[in-house]
Structure formats: structure tokens, C-alpha cells
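Basis for what follows: all heavy atoms, side chains included, without hydrogens, waters or symmetry-related copies. Here is the naming used below: chain letters follow the sequence lines, and residue numbers restart at 1 for every chain. The structure displayed is predicted, hence computed values, not measured ones.
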Protein chains: 4
Amino acid sequence: MNSKNKKHLDPVQAQARREQVLTAAADCFHRKGYHGAGMAEIARTAGMSAGHIYNYFDSKEAIIESIIEKDMEEMFSIFQEFEDQPGDILTVLLDGLHHGVQRHMDTGACVIDLDMMAEASRNKKVALLLREADTQARNRMRDLLVSESSLIKSHSEQELESRINVIFSVMAGLLLRKMLFPELTEETVLIALRPAMKTLLMPFDKN
Amino acid sequence: MNSKNKKHLDPVQAQARREQVLTAAADCFHRKGYHGAGMAEIARTAGMSAGHIYNYFDSKEAIIESIIEKDMEEMFSIFQEFEDQPGDILTVLLDGLHHGVQRHMDTGACVIDLDMMAEASRNKKVALLLREADTQARNRMRDLLVSESSLIKSHSEQELESRINVIFSVMAGLLLRKMLFPELTEETVLIALRPAMKTLLMPFDKN
Amino acid sequence: MNSKNKKHLDPVQAQARREQVLTAAADCFHRKGYHGAGMAEIARTAGMSAGHIYNYFDSKEAIIESIIEKDMEEMFSIFQEFEDQPGDILTVLLDGLHHGVQRHMDTGACVIDLDMMAEASRNKKVALLLREADTQARNRMRDLLVSESSLIKSHSEQELESRINVIFSVMAGLLLRKMLFPELTEETVLIALRPAMKTLLMPFDKN
Amino acid sequence: MNSKNKKHLDPVQAQARREQVLTAAADCFHRKGYHGAGMAEIARTAGMSAGHIYNYFDSKEAIIESIIEKDMEEMFSIFQEFEDQPGDILTVLLDGLHHGVQRHMDTGACVIDLDMMAEASRNKKVALLLREADTQARNRMRDLLVSESSLIKSHSEQELESRINVIFSVMAGLLLRKMLFPELTEETVLIALRPAMKTLLMPFDKN
DNA sequence: TATGAATGAGCGTTCATTCAT
DNA sequence: TATGAATGAACGCTCATTCAT
């Protein structure tokens, strides 16, 4: 039986405990990395015994999977916001750009970070989850880009794919830079990012 | 005493041994990642005993530090290429873009890969090395951008900083995407990357 | 304080609860062995919480001790059957042999199985219980062998002791063989066992 | 790679270490049972660190397998002795009976004991090994019983099978009795065992 | 009486590191 | 210089047992 579905007498408290663990784990993973953080430390951080964690998660792996899933949900809500905005996509996305930058440059909150990517290169399940999450995110983005109010909805599939990948690349890359240079500010980045993003959301020049 | 400075009877052979280890370790880290590769395997690959490695390196960590250090030295040659090209910088950089993309999307060749970045986020020495290398690379880039033949040489320092950071972000981000989606091709990426890069290398529109 | 003697408000219900646990535990031990069966599973089988079991038993070990204790009481009824039979002992025992074989080769029914014997070899209390039970069984057997209708009643104590031990050995040994070779049938065994048993119940030849 | 075949610089010393571990493990298993004995205790008993054991054995399971294999070899040599004896089988086996009894009643040496049988009921590999060992032993015994100098070589396969199983049962059963009653002596047992065994090695009476 | 949440010691195993030779 | 035998701390995980309610 999956621990996640294990019946607890008080589901509210159980959910709270789960969150405790996830928060603690995210914190530890961030500080020490997935391999560097031990269950003992996660337990200590979560304020419970190591053994008890296994009443809520089947394994350490299940914890990271949960973290990724949670992040996925969060990401969807961001796209939802974009979709709910009135006005043309270009404007909406450029206006919302600073949110995305904020998110990708908040090393604390963005837990699907380097370590998980690194883990993905070794752990098929984690890789699958990340790929799924990314694929869904790209689909959302594609929907936005081909929506009625988009300026580029008529272009080829391959070009669309390319735009999305480049957009995602630059955002993911920001995480790396922020990690290496914490002094880098959102404002600084936006100066050049906004024009570049505009280019990525508009028809390309012929020349 | 630091092993690196440990006195060896034959300094030439000692250096050769060190190289052996670094080459073997880089190979192993590539195939298995930093945590996945054991000292035993590195030793086997290097053709010496595990214990003997400790005559040349203080620890496994010292090895990865050395690898990164060595890699940094190589990196500058890339910018040299650009500098040697005739013509205006915009053209040169756009023409050379596919080389950069190639380099960042060749999972195999990019030794400073995920695991090392991840390691950097918690190893002071590695972080310092990467920051230094990155800073030097940014300086080279800055020199290119403000050179005689550049279209944007007259702009503000902060804007310049931003452009460079975004350029570096998107390139680094490509590595992450390629890792998660090996099926992503250089050609696909270039479709949107080229226009975006052009924007980043030209004066921005006023609006 | 010993849980067994712990005061319960309703001694009748307490006894019922104890039986519940013993039945459940015996079932679990059967299916999974002493080490293989966890308190959680026993509790689930008994229809109560794991913690509650400790209101009736001090430990898991105390449970197996109780099971064995209970089993011992049952065992005597077997010999009673023999004693109630008319006719000479040799005939009675040989006629009843297949019952004994059945019992020892029915892996399911024999609750005092391997795990418990194994447990006995390191648990003083269990060892004592098994020794007591075995001694009583041997005494019953001795009574049968020296009874009026026995053919060997006049022989030396040591010889009697030896006969009984060999008889008990072969019966116990059957359990081991059946465990390792479930395909072994009662009929096959009886072919050679009957003549051997006859020898053990009759005066020995001089040569 | 199987640890057993791992190359060690000094094979003599390596073999000695292996023996150390096997001896220590047999001792611990005997005192605490397979599950009760931890690697730490085995290591302490063997006079080496827990980790080092894994240079000689792949796992705890591999240790018990080795013990069983070693016991198998020992057993074969016993049969070999019987085969090498001149004279008719009945005499040889009866003369050698006390050796077998000794072996089965030496609780220390006979490590394929209760715990392994118990383990076999859960661990397929152990079960397979024990079954194999037993099958080979039975085949040896069968060869002896149908050999030229045997008194029963002409009897049916099923009867032969039965004889062997009963012989093996009584021997295995002795182990259980000795475990429960260490005061039981070989001499006492032999009084009744010898006639019974004689019966099992001769043609049965018609009645 | 009864629960199940919570504990913590212990499990088998790995591996960077040390050391006798 | 070079070996690989040996160490030991740490790992993820289990489970009998305790305890607040």
C-alpha cells in the first residue's frame, strides 16, 4: 500500500505532517542536495523521528517525487493566471515576466532545482516526473501562444517548439546564474530579458 | 599538509599521475555523476590503487575541484576564437552561435555538468572557482560587446550586465533542457534562439 | 508488572481479548514465521490496535510463550487416545502410527513448528516449556510401553529411554523433511516407518 | 562480480579470512539465529570490521549459503568413507552409525540446523540449496543401498525412497532432541537406534 | 478500554579514507 | 612509490514498543 494513501485517523493532521516533511526535505535538499541530506536530518528538521516519516512516505524517493508534484501544481496555477488575464498574450506574458523571473530566481522556493535535475540523470522515476511536468508546462505555453490573442499563432509547429524551448531555457538558466551569483537582481535581469522575450513572442523578422 | 603541495621524489611523474587521476575521474563523473562514481572505480580507471590516489589528492572533493580548475583554463579559448574573427561582433557571434549551442547541448563534452554545478551550490571552493571562471568569461564577453565593431558599445553598464547575464542564462539553460530532453536538437533550438540573440546584441527598441 | 497478571476491569473480556490475540498470532506465525509476522499484522488479524495488545502481553516473545503453553495442554489428548484403546500396545501404536505421521507431516496444523523450536533454542522460557511438555509426553509414552499389554515392559530404564527418544526423533524428523520436501507423502513414509517402529516396540534381537 | 571470486592479492590469507567469517557466522547463527545475529556481531566475532566482511561475501545471505555449501561437502566426505569401506553395507553403515549420530548430536558443528530450515521456509535460495544438498545425500545413500553388497538392493523404488526418508528423519530428529535435551547422550540413543537402523537396512518381514 | 501516532534502536550495506607493508 | 586490506561512520529503512488522548 502506498503510504500516501494510508488511512490516518485525522486526515488534517496527517496532511500537516506530510507538509512538515516536504518542507523540511526541500530545505535539506536545498542545503545539502538529495544525496547529501539524510533521513535523520530531514526528520530532525521536520521535528519528528526518522521512522515516523515512513508513516507518510514510502521512501526518500517518494518524498522528492511529492516535492516535484507539488511544484508542478504550483506551476499550473501560474499558467492559469496568465490564461485568466484579459488582453493580448504578448502583453500578459511580458507583464507577468517579472513573476516568472522572481520564481526562478528565488533559490529557496524553486525546489525543482539542480539536484533534482542531477538526480533525474540517474533516477528514471524522477526523470519521468520532471519530463512530464515540463511537457505539461510546454503544452500550457503552447496553448497560450496559439490562442486567439497571440501574435504568432499562425507559425509552424517546429518554430513554436523552438520558441518555447528557448523561453524555458532562459528561465531555467536564470536559476543557475542566481545560484552562482546570488547578488544578481531580478531588475538587472529584466532589462535585457524583456526585449529578448518580446522577440520570442512576436513574428521573427525576415532578415 | 595539502596533498597537492606534498613533496614527491619525482615531480614530473607526480604530475603525470595527477593527470591520470583527473582524466579517469572526469570520465567516471561523466558516466556516473559525482556521487555515483566511487573512488574504487576512479582508481581502476586511472590504473592505480584507490589508496595511492590519496598521495596526490586530499579527498574526492579535491579531485572535482581540480577538474573544474583545469576546465576553467580551457574555457577562455572559446572567446579567443570570437576575438580573432574579422567583421562586426553581431555577425561573428550569430555565426558562431551554433558552436556555443553545440557545446552546451553536447551532454558528453560539458564536464562542468549538473553534478558539479550542484556541488558548487554547497562547496565553497567549487563555487569560488565557478564564479571566477564565469566572471572572466563575462569580462571577455563584455570586451566583445563594447569593442569597436559592436553595435551596442555605448550603452549603460547595467544594461550590458543584463544582456550578458541573459545570454549566459539561455546557454546554460540549454544544458538543462538537453539533459531532460535528449531528443531536443540544435537545429530546433536555433530557430528561435538566433532572433532572440540578435535582439540581445542590438540596441533595444524604445517602446 | 507482568501484563498477564495486570488487573483488568472485566476479567472475562480480558481473557477473550487474550484469546483473540493468541489465535491471530498463531495464524500469523504460521503464515510468516515468528520473525516474519509483525505486531501490526497480528493486531490487524486480531481486530485491535497494536498498542492494545500490550495491555495483555508484555512483548511479542510473551505471545509465543503463551501459544506454546496453550499447545502443550492439547498435546496430552493424543496419548489419551492410545491409552483408551483395547488390545496390546504394539498393535495399538502401530495402528495409530499413521495418525502421528499425519500430525507431524501436516505443516499447517503443527503450530509448534520450526520457528518456535528455533526460538526455543535461545529463549529460556520457551525451552523450559518445550522440555516440560516433552518430558510429560515421554512419561505418557513410557507408561504405555511398560503397561500390562506391552511386549517390552521388563527392559532396562536406559533402553526404554533410548526407545522413546528414537521414536520421538523420527517423528520430529518427519516434520523437518516434510518442510523441505512438501511432496513427501504419508504413505511413502509409512512403508519403512512401520517396520522400524515395530522394531522399536519389540524386544531387540540378541545379535 | 561475486565477492567469492573477487581477486585477492594473497589467496591464502583471503581464504583464511573467509573461514574466519564463516566460523564466526556459524557461531553467531547458532547462538542467536540467522535473523538474531547481526553483521556487527558476526564481524566482532570474526575479529574484523563489518564493512570488511563484504570484501569476502556479497551479503549476509551469501554467508549462510557458503555455510550450507561447506556442510554439504563435509557430508559428502562422510558418504565417501562409507563407500570406501570393505564389507557389506549393513555392517559398514551400522559400524559407522555412531559417527552419524555424533555428527547430528554435535549441536555446535551441525550448523545446517533449525534456523536454516526455518530460513528455508522463507528464503527460496536457501531452500533450494538445502534441497539440493539433501537430494544429493539421498542419492549417495541410495547408491549405497543398491550396491552389490547390500541386502536390500532388489526392492522397489518406493520402498527404497521410504527407507531413506525414515533414516534421514531419525537423524535429523536427533538434532532437535539434542537441542531440547543437551543431556541426551550418543550412547543412550544408540541402544535403540541400532536395531531400528538394522531393520531399515534389511528386507522387511512379511507380516 | 482502546487507539494509532510516535519513537528509537537496530538492521544490512556502502564507500571515502587510512595504514601496514 | 604503490598496494589493497581494513576501517567506521553514515546511509535508508523496519518494527517492537510506548504514550498522549
Side-chain angles (χ1 to χ4, degrees), chain A residues 6-10 13-14 17 35-43 46-63, chain B residues 3 6 8-10 13-14 17 35-44 47-63, chain C residues 3 6 8-10 13-14 17 35-44 47-63, chain D residues 6-10 13-14 17 35-43 46-63:
Chain A
K6 197 183 288 182
K7 273 286 155 283
H8 291 273
L9 207 58
D10 181 347
Q13 151 131 290
R17 288 271 178 275
H35 287 101
M39 290 301 287
E41 183 180 4
I42 294 173
M48 71 182 71
S49 71
H52 196 33
I53 290 183
Y54 288 84
N55 285 325
Y56 302 104
F57 296 92
D58 280 337
S59 63
K60 196 186 180 187
E61 218 183 335
I63 293 177
Chain B
S3 276
K6 199 181 289 181
H8 291 276
L9 295 187
D10 181 346
Q13 193 192 23
R17 287 271 182 269
H35 294 291
M39 289 300 285
E41 184 181 4
I42 294 172
R44 204 181 322 115
M48 72 182 70
S49 72
H52 198 32
I53 291 183
Y54 286 83
N55 286 323
Y56 304 106
F57 296 92
D58 279 338
S59 64
K60 197 185 178 188
E61 225 178 351
I63 294 176
Chain C
S3 276
K6 200 181 290 184
H8 292 275
L9 294 188
D10 181 347
Q13 194 193 22
R17 288 273 181 268
H35 294 290
M39 290 299 286
E41 183 180 4
I42 294 172
R44 202 180 324 116
M48 72 182 71
S49 72
H52 198 33
I53 291 183
Y54 287 83
N55 286 323
Y56 303 106
F57 296 91
D58 279 339
S59 65
K60 196 183 177 189
E61 226 178 351
I63 294 176
Chain D
K6 196 182 291 185
K7 272 287 153 285
H8 291 273
L9 206 61
D10 182 347
Q13 151 131 290
R17 288 273 179 273
H35 287 101
M39 291 300 287
E41 182 179 5
I42 294 173
M48 71 182 71
S49 71
H52 197 34
I53 291 183
Y54 288 83
N55 286 324
Y56 303 105
F57 296 92
D58 279 338
S59 63
K60 196 184 180 189
E61 217 183 337
I63 294 176

Which whole-number value in Å describes the distance from Lys60(A) NZ to dA10(F) C1'? 11 Å

By the Watson-Crick or G-U definition, both distances under 3.5 Å, dT21(F) is matched with dA2(E)

Using whole Å, report how far CD of Glu41(A) lies from P of dA10(F). 12 Å

Side-chain N,O (Tyr56(A)) to OP1/OP2 (dA6(E)) below 4.0 Å: yes

Can you see if the side chain of Tyr54(B) gets near the phosphate of dT17(E) - specifically, an N or O under 4.0 Å from OP1 or OP2? yes

The answer to which of Asp10(A) and His35(D) contacts DNA chain E further toward the 5' end, by nearest nucleotide, is Asp10(A)

Do Met39(B) and Lys60(B) come close enough that some side-chain heavy atom pair is under 4.5 Å? yes

Working to the nearest 0.5 angstrom, can you tell me the gap between Ile53(B) CD1 and Asp58(B) CG? 13.0 Å

Starting at CG of Asp58(C) and ending at P of dA16(F), how long is that distance when rounded to a whole Å? 16 Å

Measure from CZ on Arg17(D) to C1' on dG4(F) and round the result to the nearest Å. 12 Å

His8(A) side-chain N/O to dG4(E) phosphate OP1/OP2 under 4.0 Å: no

Nearest-0.5 Å distance, OH of residue Tyr54(C) to OG of residue Ser49(C): 11.0 Å

Under 4.0 Å: is that the gap between some side-chain N or O of Gln13(B) and OP1 or OP2 of dA2(F)? yes

Separation of atom CD1 in Ile53(A) from atom C1' in dT7(E), rounded to whole Å: 12 Å

Please compare Ala50(C) and Ser49(D) by the position of their nearest nucleotide in DNA chain F and report the one closer to 5'. Ser49(D)

Integer-rounded Å distance: dA16(E) C1' and His52(B) NE2: 17 Å

Would you say the side-chain atoms of His8(A) pair up with the backbone N or O of Asn55(A), donor to acceptor, closer than 3.5 Å? yes

Pick the nucleotide of DNA chain E nearest each of Ser59(B) and Ala40(D); which residue has the one closer to the 5' end? Ala40(D)

Please classify the nucleic acid contact of Ala37(C) as base, sugar-phosphate, or nothing, using heavy-atom distances under 4.0 Å. sugar-phosphate

Look through every strand shown and name the nucleotide pairing with dG8(E) as Watson-Crick or G-U wobble, where both distances are under 3.5 Å. dC15(F)

Checking base pairs now: Watson-Crick or wobble, both atom distances under 3.5 Å. What partners dA10(F)? dT13(E)

With a 4.5 Å cut-off on side-chain heavy atoms, are Phe57(D) and Glu61(D) touching? no

With a non-hydrogen cut-off below 4.0 angstrom, is Gly38(C) in contact with a base, only sugar-phosphate, or nothing? sugar-phosphate

Please report, rounded to the nearest Å, how far the P atom of dT14(E) is from the CE atom of Met39(B). 18 Å

Roughly how many Å is it from CG in Asn55(B) to C1' in dT3(F), rounded to a whole number? 10 Å

Would you indicate what Ala43(A) reaches in the nucleic acid, counting non-hydrogen atoms under 4.0 angstrom: base, sugar-phosphate, or nothing? nothing

